[in-house]
S.K.: 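Here it is, the structure in full.
This is a predicted model, so every value here is computed, not measured. Reminder, nothing fancy here: chain letters follow the sequence lines and each chain counts from 1.
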Number of protein chains: 2
Amino acid sequence: MDKQSVTIYDVARESKVSMATVSRVLNGNSNVRPATKQKVMDVINKMEYRPNAVARGLASKKTTTVGVIIPDVTDEYFASLARGIDDIASMYKYNIILANSDDNPDKQIKVLNNLLSKQVDGIIFMGNEISDELIIEFKRSNAPIVLAGSIDDSGSVPSVNIDYTDAVMDETIQLIKHSNRKIAFISGSLNQTINKKYRLKGYRKALKKYNYKFDDKMIFETNSSYEDGYKLANKLINEKVKAAIVTNDELAAGVMNGLTDSGINIPNDFEIFTSNNTKLSKMVRPQLSSITQPLYDIGAVSMRLLTKIMNNEPINEKQVLLNYDILQRDSTKV
Amino acid sequence: MDKQSVTIYDVARESKVSMATVSRVLNGNSNVRPATKQKVMDVINKMEYRPNAVARGLASKKTTTVGVIIPDVTDEYFASLARGIDDIASMYKYNIILANSDDNPDKQIKVLNNLLSKQVDGIIFMGNEISDELIIEFKRSNAPIVLAGSIDDSGSVPSVNIDYTDAVMDETIQLIKHSNRKIAFISGSLNQTINKKYRLKGYRKALKKYNYKFDDKMIFETNSSYEDGYKLANKLINEKVKAAIVTNDELAAGVMNGLTDSGINIPNDFEIFTSNNTKLSKMVRPQLSSITQPLYDIGAVSMRLLTKIMNNEPINEKQVLLNYDILQRDSTKV
DNA sequence: TTGAAAGCGCTAACAA
DNA sequence: TTGTTAGCGCTTTCAA
């Protein structure tokens, strides 16, 4: 009456072979005589034997599970990456342990160590902020780590991203060409390297290229939430801003709705470019023009990269940059 | 140079006690003399010892990880539940292995067995469709299973939900009171019990109560996607529908945008009620009136319920129903 | 309060 | 091609 109690030993006995042989057929391994293999398989099916992955993990020192650290599953950007990660993971027979970090440095370190103690074979890390302490922990980790859609400025950790600087520069140039003078840069925390050193840099490069002078007052720092964006509308109007680059889709939706509710017409009176092309960006009205990132692929590629590292396969490039595009929808002029 | 190789044996030797004693302090267990405990703790810190969770799992037959089966992380409804699940899980020192099923019956069974072979201590299942085969697998599982935001008609599996029937009935009644005659019921697949036996039932009950006759042509079955909703607009106009109950927020956004783009005014010419109150519902314009479900709590409560079952604690009710509300926003008349 | 020792269910040499 | 056997790193009786 007790469930799940048949072990490799039971099927060995039942099929009159040794445990080693059963283990071999289980792992599709080496040379087992077809007849033997068949016999064992029959017993396995008959007894409904399922290998115990924990025992296997202890003996082989491989758990076929990878840890995935994500700021918040509820964030569509990261959730999309996670989907790509899981699909490729399961394609390669890995499971993923998902852990939310809220982008909190302490929590990130805590869950990292927790994952490591579970003996994951590798880790995919996502996060807007990567502290120096975290990098130190990465270094001492015995499991390989890949960053997905996340920036480590030191460049020491393998990662998959797009060129955020170029993408923002492209958007900004378009806005300039639409003869906008006052172009805002609305981002999440400027403590985050991705915003401060990459996106903002693209914005400045575009300005410089067209001899626009950089104006501090055009930089708006937020917590990336819809609400923060919504509340920003008044400030934007007061500063007579005419266009904006926004680094997060929910934030952009907030900015747009706030502006619209204040009687501003998008895109005629105010143009908006957003960054992630999540589903949301085409569900709002007007639809948001955006950098189009291959979100699913960023996740998928980073997981694929991780499998290569875990198997000691040769790697072409540690820092992978995927292609992006700029998609004109209805929040910018043509 | 090799990382992570210190075992319980090493700290035992170093602190001049037995492995058993180290194990005891590790587990905050029974009686260890404070001085001994301190001594061991010091060595643990000094050596940076981290217990190997796999070995622990094999010996104790507990992995402190639970499996979470989700249709798609990218779906904000389920992602919100997942967030609640993970928070409570980590509060109780569990990790979650997340597996996407795409609501595909074969895949559901596959990932379930995969999770079971990983010796998870329990499982939280989310899905719109629960096949009979799946219920059979649930029964034979040695790990307890709890459904979150998901309906098993047999009522044999513990679950956490809201009363979908009543909620839809409430919405429908409001629509009727706004003197709408032609009220559509727009749902995902009617093969899904939650739609066919619960939500549709609420719709019919409301109709009956007000002596409206049920009309087949007012029932629209979709795949729950934004696109399907968008494309539905024409049909809705042709059938002269004046209001709709929609069972999914993305779907509702699609319906609304489709209608709006066809020149229909929401809510004056067409009223819409949606079902999940995800963030999306207030980012679209007009904002969607909705059933307000405690999404995070549904996940949290189901995880809490699972911890109780895993610890053999007494359970008050196997089928818990959380409260819901109806929130009037701008897609319905006041 | 502590220690000795037997597993947990499997993999992986090493032999045969 | 198959079997024997020693672990993997921990928990948990049972004794002391």
S.K.: With sequence neighbours excluded, tell me which residues meet side chain to side chain donor-acceptor pair (under 3.5 Å) with T21(B).
M.R.: S18(B)

S.K.: Within a radius of less than 6.0 Å around CE of M310(A), do more than 12 heavy atoms belonging to other residues, nucleotides or ligands occur?
M.R.: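 Check passes, neighbour count above 12.
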
S.K.: For L26(A) and dA12(C), give me the distance from atom CG to atom C1', rounded to whole Å.
M.R.: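 Distance check: L26(A) CG to dA12(C) C1' gives 14 Å.
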
S.K.: Just call it for T21(B): base, sugar-phosphate, or nothing, with non-hydrogen atoms closer than 4.0 Å on any strand.
M.R.: sugar-phosphate

S.K.: Considering only residues two or more places apart or on different chains, which pairs with a residue in residues 33-42 of chain B satisfy side-chain hydrogen bond (donor to acceptor under 3.5 Å, both in side chains)?
M.R.: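 Every side-chain hydrogen bond (donor to acceptor under 3.5 Å, both in side chains) pair that includes a residue of residues 33-42 of chain B, provided the two are not neighbours, is Q38(B)-D42(B).
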
S.K.: Got a sec, which residues hit salt bridge (Lys or Arg N to Asp or Glu O under 4.0 Å) with E129(A), two or more places apart in sequence or on another chain?
M.R.: none

S.K.: Looking at K16(B), I'd like to know if its NZ atom is crowded, meaning that more than 12 non-hydrogen atoms belonging to other residues, nucleotides or ligands lie closer than 6.0 Å.
M.R.: no

S.K.: How long is the line joining NZ of K118(A) and P of dC8(D), in whole Å?
M.R.: 22 Å

S.K.: Is S60(A) near enough to dC10(C) that one of its side-chain N or O atoms lies under 4.0 angstrom from OP1 or OP2?
M.R.: no

S.K.: Rounding to a whole Å, what distance do you find between K37(A):NZ and dT1(D):C1'?
M.R.: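 In whole Å, dT1(D) C1' and K37(A) NZ are 14 Å from each other.
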
S.K.: Please state how far atom NZ in K16(B) lies from atom C1' in dT2(C), giving the value in whole angstrom units.
M.R.: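 To the nearest whole Å, that distance equals 16 Å.
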
S.K.: Assess, by modelled atom type and distance only, whether the side chains of K110(A) and S101(A) contain a donor and an acceptor separated by less than 3.5 Å.
M.R.: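 Looking only at side-chain atoms, S101(A) and K110(A) do not form any donor-acceptor pair under 3.5 Å.
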
S.K.: Tell me the interatomic distance from R56(A), atom CZ, to dG9(D), atom C1', rounded to whole angstroms.
M.R.: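 Rounded to whole Å, this separation is 19 Å.
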
S.K.: With a non-hydrogen cut-off below 4.0 angstrom, is V17(A) in contact with a base, only sugar-phosphate, or nothing?
M.R.: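 Here V17(A) touches the backbone only, sparing every base.
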
S.K.: If the helix axis at each end comes from five base pairs, how far does the helix from dT1(C)-dA16(D) to dA16(C)-dT1(D) deviate from straight, to 10°?
M.R.: 30°

S.K.: So if I take residues 7-14 of chain A and measure heavy-atom distances to DNA chain C, which residues fall below 4.0 Å?
M.R.: T7(A), I8(A)

S.K.: Could you tell me whether R83(A) and D86(A) make a salt bridge, using a distance below 4.0 angstrom between a side-chain N and a carboxylate O?
M.R.: no

S.K.: Round to a whole Å and report the spacing from CG of L58(B) to C1' of dG9(C).
M.R.: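 From L58(B) CG to dG9(C) C1': 6 Å.
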
S.K.: Can you tell me the distance, in whole Å, between the NZ atom of K39(B) and the C1' atom of dG3(C)?
M.R.: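 Distance check: K39(B) NZ to dG3(C) C1' gives 13 Å.
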
S.K.: Please determine, by modelled atom types, if Q319(B) and S159(B) share a side-chain donor-acceptor pair under 3.5 angstrom.
M.R.: yes

S.K.: Roughly, in whole Å, what's the span from CE in M19(B) to C1' in dG7(D)?
M.R.: 12 Å

S.K.: Enumerate the side-chain hydrogen bond (donor to acceptor under 3.5 Å, both in side chains) contacts for residues 296-305 of chain A, please, sequence neighbours excluded, ordered by first and then second residue.
M.R.: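 Residue pairs passing side-chain hydrogen bond (donor to acceptor under 3.5 Å, both in side chains), neighbours aside: D87(A)-Y296(A), Y92(A)-R304(A), R304(A)-T307(A).
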
S.K.: Reckon N27(B) has a side-chain N or O less than 4.0 Å from the OP1 or OP2 of dT11(D)?
M.R.: yes

S.K.: Counting only side-chain nitrogens and oxygens, does K62(B) get under 4.0 Å of the OP1 or OP2 atom of dT11(D)?
M.R.: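 The answer is no; no side-chain N or O of K62(B) sits under 4.0 Å from OP1 or OP2.
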
S.K.: Taking atom types as they are modelled, would you say the side chain of R24(B) forms a donor-acceptor pair with the base of dG3(C) within the 3.5 Å cutoff?
M.R.: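 Indeed there is one.
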
S.K.: Using a cut-off of less than 4.0 Å, is there contact between a side-chain N or O of S18(A) and OP1 or OP2 of dG3(D)?
M.R.: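 Checking dG3(D) against S18(A), a side-chain N or O does come within under 4.0 Å of OP1 or OP2.
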
